[in-house]
Protein chains: 2
Amino acid sequence: MAETARRTESRYGNRPTMKDVAARAGVGLKTVSRVVNGEPGVTPDTERRVQEAIEALGFRRNDSARVLRKGRTASIGLVLEDLADPFYGPLSRAVEEVARAHGALLINGSSAEDPEREQELVLALCARRVDGLVVIPAGDDHRYLEPEMKAGVATVFVDRPAGQIDADVVLSDSFGGARDGVAHLIAHGHRRIGFIGDMPRIHTAAERLRGYRTAMEDAGIPVEDAWMSLGVTDPQRVRRAAETMLSGPSPVTAVFAGNNRVTVTVVRVISERARPVALVGFDDIELADLLRPGVTVVAQDAAQLGRTAADRLFRQLDGSLLAPERIELPTRLITRGSGELPPSA
Amino acid sequence: MAETARRTESRYGNRPTMKDVAARAGVGLKTVSRVVNGEPGVTPDTERRVQEAIEALGFRRNDSARVLRKGRTASIGLVLEDLADPFYGPLSRAVEEVARAHGALLINGSSAEDPEREQELVLALCARRVDGLVVIPAGDDHRYLEPEMKAGVATVFVDRPAGQIDADVVLSDSFGGARDGVAHLIAHGHRRIGFIGDMPRIHTAAERLRGYRTAMEDAGIPVEDAWMSLGVTDPQRVRRAAETMLSGPSPVTAVFAGNNRVTVTVVRVISERARPVALVGFDDIELADLLRPGVTVVAQDAAQLGRTAADRLFRQLDGSLLAPERIELPTRLITRGSGELPPSA
DNA sequence: TAGAGCCTGGACAACGTTGTCAGATGCGAG
DNA sequence: CTCGCATCTGACAACGTTGTCCAGGCTCTA
């Protein structure tokens, strides 16, 4: 009775606690705790009374208090660049699945490729005492994480390595993938090949550029500056860059696109041109097989990246002190037509 | 000195607290709290000493304890079906942006369209005392949320309404969109039109089916059972369903696809056929404009759904007691070619 | 029937933070 | 020189949970 009144009269936001449950069930506080956590040492009769009280009051354990007491939050943080990017959806989902298998929840944040925002997010997650962090770095200096890692926050970087600190990282073989993709174009007779990619301060972008250069060099083809466009990602500028290389005095006959967004725009530009242009893109894109010609890509497995990173994270959490490791996953060239076009003109 | 030793010798996971900072700076506990929270009433000199101690120890405030004291967690939960689905990426991102603007973090979970898993996730989020919930329901009975909502957890449903309870919901106009899409096909001369969609227990699927039926009825066209395929989503079965309706004794000349995944598979099937088949899909898909013919779709704005829901959530949190509302966002027919093909045969 | 041992239940402290309140300090005015 | 006031600081309780430990009641055996 009294308890019911208390609930009813209580201000918005007041919730019953174990104490309330205990009072209503006529037992001690700790007994309620035992029932809630399925600990042994409670007679069936007592347990029933407690369960009824829980039901009646709509009690739900306050995990904040629990965390405070126990030290572990059973949650991990994932900081990525943009959840809306189709590359990160599967990655995030894969991390979530692994977390779920370990009974942990996932807190998600997008850095929008802004180093400051990355740091802000990471530190906010640390303040909540996430057990671990999976980070797709935006910045190139992660020394701010050192105290956190020392304090026991498991940390794994994905897609790009950490800057200035020694930490686990899971990568795709950007260099090898790009090199093979460009070599593929060369094997089909191209010599004037363009490269459009992101800012070289982004590790993957730099590696892919290096792969491009290496493939060209291996084939003994000198690269002209006009064939390369770096730091360009927004559709409008990619479009301009592509059109420029396709028009100049020595126009390219093939393009290597440095990521999925660039690929999409280049496909658009090429489809508007009369003369066919060969194309290989880094990252697979949906429906690539249905375009005419199909888009040849260097595919990386985003889900596998996420899974691998999360596995590694929980291995850290399971206590083994592991030396930081660099895990590189292979890429896969998927030929669909656009990369096999011969040079024209 | 003593503190340093304590830190160094401390077991894995030990972190400095405000008490440690206070001891090192030679001030009281509360003074540290004041500095950390930027409260007034601390002399610049004291503040500097405290800041130095914080720096030296690598102190970071424990938000779990803070939450326990203050009651608000500054985090909201988002339960959706599958983060890897391109429809949910932008939605999730939009919710995150709004949360960020309110200083809150986002905890994400995928229900995988399993009602039990949805409930499990939601209750886990409530146990963490998230301030609010954005839920894309998998189940059709949400009475389990009643005690939580009563206790002050702001709740908004998205994409599908809640079951058995009265709550805010933000929807796309599935019915109207589907009806218009089908009417568009009818206007282009089709009479035998197929429908492939998800299980009718999913609200959006049911609404889209209703839209299809209504459009057909409005045009005075009797619908044959063989034209409809319900509860089919995995690519293989969609493929079989599509092939069946395109082959039978009275084959359809056009297909309305109930969601993005179905649309993609149907595009595949159609592209393999000699005879052209008209197609309108619900949900936009990337590169739809580059296919030949381009794919005509009924587009909904996932980001806008997320933004609207999150806005509503924070309005609830800002204290105003609002009567539950149903907000319906319009859809947009985007014609690209596939929906304007005339009937053939 | 008394003592040993087991089982159940509860009192209490602790986790790290913030709100309350009162004490200390310094300064100016009478 | 002393009082009063404003400013700064710190002791203490509280948030809701879990771990420790002890008390009381029971059963079983000698």
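Throughout, protein chains are lettered first and strands after them, A, B, ... in sequence-line order, and every chain is numbered starting at 1.
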Undergrad: Output all residues satisfying ring-ring contact (aromatic ring centres under 6.0 Å, His included) with A:Y88, sequence neighbours left out; order by chain, then residue number.
TA: none
Undergrad: Between B:D140 and B:R201, does any NZ, NE, NH1 or NH2 come within less than 4.0 Å of an OD or OE carboxylate oxygen?
TA: no
Undergrad: Between A:R24 and A:E55 (salt bridge meaning N to carboxylate O under 4.0 Å), is one present in this structure?
TA: no
Undergrad: When you check every protein heavy atom under 4.0 Å of nucleotides 9-15 of chain C, what one-letter string (B, S, -) results, 5' to 3'?
TA: BBB-BBB
Undergrad: Please round to 10 degrees the angle between the axis of the first five pairs and the axis of the last five pairs in the helix from C:dT1-D:dA30 to C:dG30-D:dC1.
TA: 60°
Undergrad: Side chains of A:L106 and A:S92: closer than 4.5 Å at any heavy-atom pair?
TA: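 Yes, side chains in contact.
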Undergrad: From CD of B:E39 over to P of C:dG19, roughly how many Å is that when rounded to an integer?
TA: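 Between P of C:dG19 and CD of B:E39: 6 Å.
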Undergrad: Calculate the interatomic distance between A:R72 atom CZ and D:dT18 atom P; express it in whole Å.
TA: 17 Å
Undergrad: Tell me, please, which residues at least two apart from B:E113 pass side chain to side chain donor-acceptor pair (under 3.5 Å).
TA: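 Side chain to side chain donor-acceptor pair (under 3.5 Å) list for B:E113, sorted by chain: B:R160.
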Undergrad: Does B:N37 reach a base, just sugar-phosphate, or nothing at all? Heavy atoms under 4.0 Å.
TA: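 Touches sugar-phosphate only.
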Undergrad: Please determine if B:E325 and B:R315 form a salt bridge, counting it only when a charged side-chain N lies under 4.0 Å from a carboxylate O.
TA: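 Salt bridge flag = no for B:R315 with B:E325.
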Undergrad: Is any side-chain N or O of B:R61 closer than 4.0 Å to OP1 or OP2 of C:dT18?
TA: yes
Undergrad: I'd like to know if the side chain of A:Q51 pairs up with that of A:R48 as donor and acceptor (distance under 3.5 Å, no hydrogens or angles considered).
TA: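 Looking only at side-chain atoms, A:R48 and A:Q51 do not form any donor-acceptor pair under 3.5 Å.
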Undergrad: Give the rounded distance in Å between these two atoms: CZ of B:R15 and P of C:dT17.
TA: 10 Å
Undergrad: Establish, with yes or no, whether the OP1 or OP2 oxygen of C:dT18 is under 4.0 angstrom from a side-chain nitrogen or oxygen of B:S33.
TA: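 Yes, because at least one side-chain N or O of B:S33 sits under 4.0 Å from OP1 or OP2 of C:dT18.
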Undergrad: Using ring-ring contact (aromatic ring centres under 6.0 Å, His included) as the criterion, list what pairs up with B:F87, not counting sequence neighbours.
TA: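 Applying ring-ring contact (aromatic ring centres under 6.0 Å, His included) to B:F87 gives none.
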Undergrad: Round to a whole Å and report the spacing from CG of A:D63 to C1' of C:dG16.
TA: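 Checked: the CG to C1' distance equals 17 Å.
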Undergrad: Can you check the A:E47 CD to C:dT8 P distance for me, whole Å?
TA: 11 Å
Undergrad: Only pairs at least two apart or in different chains count here, so list each ring pair (Phe, Tyr, Trp, His ring centres under 6.0 Å) that has a residue in residues 56-79 of chain B.
TA: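 For residues 56-79 of chain B: none.
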